[in-house]
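Since the structure comes first, as C-alpha cells, the remarks are kept for the end.
Both counts, for ligands and for their atoms, begin at 1 and track the order of listing.
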Amino acid sequence: MRILVTGGSGRLGESVVQGLLQAGHDVVSVDLRAPTRHREHWFAADLTVVDEASWALARVRPDAVVHLAAIAVPFSRPEREILRTNTALAYNVCRSALDAGAGTVVVASSPTVVGYGAPTGWAPSYLPIDETHPVRPWNAYGLSKLMAEHVMRMFTAQAGDRMRLAAIRPCYVIAEDEWAGAPTQQGHTVRERLDDPALAAGSLFNYVDARDAADFVEVLLRRAEDVPNGETFFVGAADALAREPLAELLPRYHPGTTGIADVLAGTGSAFSNANAERLLGWKPERSWRTELR
Ligand SMILES: NC(=O)c1ccc[n+]([C@@H]2O[C@H](COP(=O)([O-])OP(=O)(O)OC[C@H]3O[C@@H](n4cnc5c(N)ncnc54)[C@H](O)[C@@H]3O)[C@@H](O)[C@H]2O)c1
C-alpha cells in the first residue's frame with residue numbers, strides 16, 4: 001500500500017512510519033517539521049491551509065492516510081487555537097483524501113474525549129471504559145479530538161463505500177527511547193510516572209507502547225474492509241502504568257470511581273481493547289514490565 005502519514009515526525013508518527021516501512025509499505029510522511037529518522041520519506045506542508053492539504057494529498061495519491069498531525073498536548077497552546085487547528089486538520093485531511101481517491105483514512109482521536117480529570121468532577125459510567133462509554137470532553141483538546149471523530153463519521157456518511165474511515169484513541173504513547181529514560185509527553189520519565197502515581201493519575205494510568213500502536217494501525221489499514229465503516233478503537237496496553245492495582249489507586253485520585261473500580265482485576269487497565277481484538281484480532285504485545293530499562 002502507498003500510505004501517507006500526517007504528523008509523521010511526531011512521537012507516535014515516527015513509530016508509525018517505521019512500523020509501516022517494516023511491514024513493506026510505500027510510506028510518505030507530511031509534517032511541518034522534519035523527522036529524526038527516514039527524512040527521505042518526508043516533505044513539509046501546513047495542513048491547516050486548505051490548498052496545502054489538497055496539494056499534499058494530490059501529490060502523493062495514497063491508497064491510505066494515517067492522520068496524526070495535531071497539537072497533541074492539552075493546554076500547550078491557547079484553547080481556541082487547539083480547537084481550531086485540530087478540527088481544521090481533521091477536516092482538511094479527510095476532505096483532501098476523499099478528493100485524491102484514497103481508499104482508507106485513519107484519524108487519531110484520544111481517550112480524553114471521555115472527560116476524565118474535569119475540574120467539576122468526573123465519574124465513569126462503568127469500567128473498563130470501551131467505545132460505547134459516554135463522551136464528555138472538558139477542554140479544547142478533548143473537544144477537538146471528538147470533533148475529529150465527528151469529521152471522520154461525517155465523511156463516512158458522505159462517501160459511503162468510496163472510502164473506509166476509522167478513528168483510533170491511542171492511550172498515553174510511550175516511544176521506544178522513553179523506556180530508556182527520555183522524557184515522555186508530559187515531560188517526566190516513565191519511571192517517574194510509576195514512582196509518583198499522581199503523575200499518571202490524570203490519564204487514568206493509561207499508556208501504550210508506540211510500536212504496539214503502530215502495529216495496530218498497520219493491521220487496521222490492511223483489514224479496513226473487515227470492520228464497519230466509521231468504527232472507533234481504543235488502543236492501549238493490557239495493563240495499567242502503575243505498581244498498584246487500579247481497584248485501589250483510582251478511587252484515591254478520582255473519587256467518582258469509588259465502588260465502580262472494584263471490577264478491575266489485578267494489573268488490568270481502565271480501558272478495554274476488546275473492540276480491537278474482536279474485530280481485528282489485535283492485542284498489545286508490550287508492557288512497562290517488559291520494556292522499562
Ligand atoms: N502522544 C499521546 O499520548 C497521544 C495520545 C492520544 C492521542 N494522540 C494523538 O495522536 C496524534 C499524534 O500524537 P503525538 O504524540 O505523536 O504528537 P506530536 O506532537 O509528537 O506530533 C504531532 C505532529 O503533527 C505535526 N503538525 C502539527 N500541526 C501541523 C500542521 N498544521 N501541518 C502539518 N503537521 C502538523 C507536528 O509538527 C508534529 O510533528 C495526535 O493527533 C494526538 O492528538 C496522542
Side-chain angles (χ1 to χ4, degrees), residues 4-19 28-39 42-57 65-77 81-93 96 106-114 116 137 139-149 151-152 167-178 182-188 190 193 200 202-214 216-217 232-237 241 271:
L4 179 68
V5 180
T6 77
S9 306
R11 187 177 300 278
L12 178 56
E14 290 220 18
S15 292
V16 168
V17 168
Q18 171 77 14
V28 183
S29 156
V30 57
D31 198 299
L32 285 173
R33 62 190 171 101
T36 60
R37 287 180 292 174
H38 304 302
R39 204 188 156 103
W42 162 79
F43 69 97
D46 180 348
L47 300 169
T48 57
V49 179
V50 174
D51 288 350
E52 292 199 33
S54 351
W55 167 77
L57 270 290
V65 177
V66 184
H67 172 51
L68 306 177
I71 299 174
V73 183
F75 303 111
S76 59
R77 305 262 189 89
E81 186 184 335
I82 293 179
L83 181 59
R84 193 177 56 232
T85 302
N86 290 353
T87 306
L89 282 168
Y91 183 85
N92 290 349
V93 170
S96 307
V106 174
V107 172
S109 177
S110 160
T112 56
V113 295
V114 168
Y116 46 78
N139 57 46
Y141 175 75
L143 178 60
S144 76
K145 293 283 119 177
L146 188 57
M147 291 298 287
E149 291 187 11
V151 166
M152 181 280 289
I168 59 167
R169 296 173 176 172
C171 291
Y172 191 80
V173 173
I174 301 188
E176 209 173 339
D177 58 339
E178 294 166 11
T184 66
Q185 190 206 56
Q186 296 292 322
H188 18 72
V190 177
R193 282 177 87 78
S203 51
L204 305 185
F205 305 93
N206 73 35
Y207 79 106
V208 66
D209 183 295
R211 293 162 295 179
D212 275 336
F216 176 80
V217 168
T232 298
F233 294 94
F234 277 107
V235 181
L241 192 68
F271 294 86

Least distance between heavy atoms, Ala108 atom then Leu68 atom = CB-CD2, 3.8 Å
Ignoring angles and geometry beyond distance, decide whether Thr85 reaches within less than 3.5 Å of ligand 1 through its nitrogen or oxygen atoms.
-> no
Indicate whether any N or O donor in one side chain lies under 3.5 Å from an N or O acceptor in the other, for Thr184 and Tyr172.
-> yes
N/O separation below 3.5 Å, Leu12 to ligand 1 = yes
Quick one: which of Pro74, Ala210, Pro170 has a heavy atom closest to atom 6 (C) of ligand 1?
-> Pro170
If we only count N/O pairs under 3.5 Å, is Ser110 in contact with ligand 1?
-> no
Between Ala108 and ligand 1, is there a nitrogen or oxygen pair with a distance under 3.5 Å?
-> no
Please state whether Cys171 comes within less than 4.0 angstrom of ligand 1, counting heavy atoms only.
-> yes
Return yes if a side-chain donor-acceptor contact under 3.5 Å exists between Thr36 and Glu14, otherwise no.
-> yes
Counting each atom of ligand 1 from 1 as listed, which ones have a heavy atom of Thr48 under 4.0 Å away?
-> 31 (N)
Val113 and Gly142: which non-hydrogen atoms are nearest, and at how many Å?
-> CG1-O, 3.7 Å
Could you say whether the N/O atoms of Ile71 and ligand 1 ever approach to under 3.5 Å?
-> no
Which heavy atom in Ser110 sits nearest to a heavy atom in Lys145, and how many Å separate them?
-> CB-CG, 3.7 Å
In the protein, what heavy atom is nearest to atom 21 (O) of ligand 1, and what distance, to one decimal place, separates them?
-> Gly10 CA, 3.3 Å
Nearest protein heavy atom to atom 22 (C) of ligand 1, by residue and atom, and its distance?
-> Ala70 O, 3.7 Å
Identify the closest protein heavy atom to atom 36 (C) of ligand 1: which residue and atom is it, and at what distance?
-> Asp31 OD1, 3.4 Å
Nearest neighbour in protein (non-hydrogen) for atom 4 (C) of ligand 1 = Val173 CG2, 3.8 Å
Interatomic spacing from CG in Asp212 to SG in Cys171 - rounded to 0.5 Å | 11.0 Å
Step through the shown structure and confirm whether more than 12 heavy atoms of other residues, nucleotides or ligands are within 6.0 Å of CD on Glu52.
-> yes
May I ask whether Tyr207 has any heavy atom positioned less than 4.0 angstrom from an atom of ligand 1?
-> no
Does Lys145 come within less than 4.0 Å of ligand 1, judged by its heavy atoms?
-> yes
Does ligand 1 have a heavy atom under 4.0 Å from the side chain of Arg169, from its backbone, from both, or from neither?
-> neither
Considering the heavy atoms of Asp46, write down every atom of ligand 1 situated less than 4.0 Å from one of them.
-> 30 (C), 31 (N), 32 (N)
Once you round to the nearest 0.5 Å, how far does OH of Tyr141 lie from CD1 of Ile82?
-> 9.0 Å
Take Leu47 and Val93, measure what side-chain contact (heavy atoms from CB on, under 4.5 Å) needs, and give me the verdict at the end.
-> CA-CA 7 Å; Leu47 300 169; Val93 170; 4.2 Å; yes
Side chain, backbone, both or neither: Gln185 near ligand 1, heavy atoms under 4.0 Å = side chain
Pairwise side-chain contact, Gln185 with Glu178, heavy-atom cut-off 4.5 Å (strictly under) | no
List every atom of ligand 1 that sits less than 4.0 Å from any heavy atom of Tyr141, numbering the atoms from 1 in the order shown and giving each element.
-> 7 (C), 8 (N), 9 (C), 42 (C), 43 (O)
Can you say whether the rings of Phe234 and Phe271 are parallel (under 30°), tilted (30 to 60°) or perpendicular (over 60°)?
-> tilted
How far is atom 33 (C) of ligand 1 from its nearest protein heavy atom, and which residue and atom name does that atom have?
-> Ala45 O, 3.3 Å
Number the atoms of ligand 1 from 1 as they appear, then name those within less than 4.0 Å of a heavy atom of Leu89, with their elements.
-> 30 (C), 31 (N)
Trace of the side-chain contact (heavy atoms from CB on, under 4.5 Å) decision for Val66 with Thr6 | CA-CA 6 Å; Val66 184; Thr6 77; over 6 Å; no
Can you name the closest pair of heavy atoms from Ala69 and Leu89 and give their distance?
-> O-CD1, 3.5 Å
Using a 4.0 Å heavy-atom cut-off, say whether Thr112 meets ligand 1 through its side chain, its backbone, both or neither.
-> neither
Can you figure out which of Val113, Leu32, Val5 has its heavy atom closest to atom 29 (C) of ligand 1?
-> Leu32
Could you walk me through whether Thr232 and Met152 pass the side-chain contact (heavy atoms from CB on, under 4.5 Å) check?
-> CA-CA 10 Å; Thr232 298; Met152 181 280 289; 4.2 Å; yes
How close does the nearest protein non-hydrogen atom get to atom 7 (C) of ligand 1, and which residue and atom is it?
-> Ser109 O, 3.1 Å
Do ligand 1 and Tyr172 have nitrogen or oxygen atoms that lie under 3.5 Å from each other?
-> no
Please indicate whether Arg39 has more than 12 foreign heavy atoms, meaning atoms of other residues, nucleotides or ligands, lying under 6.0 Å from its CZ.
-> no
For atom 13 (O) of ligand 1, the closest protein heavy atom turns out to be Ala72 CB, 3.8 Å
Look at atom 40 (C) of ligand 1 and say which protein heavy atom is nearest, naming residue and atom and giving the distance to 0.1 Å.
-> Leu68 O, 3.1 Å
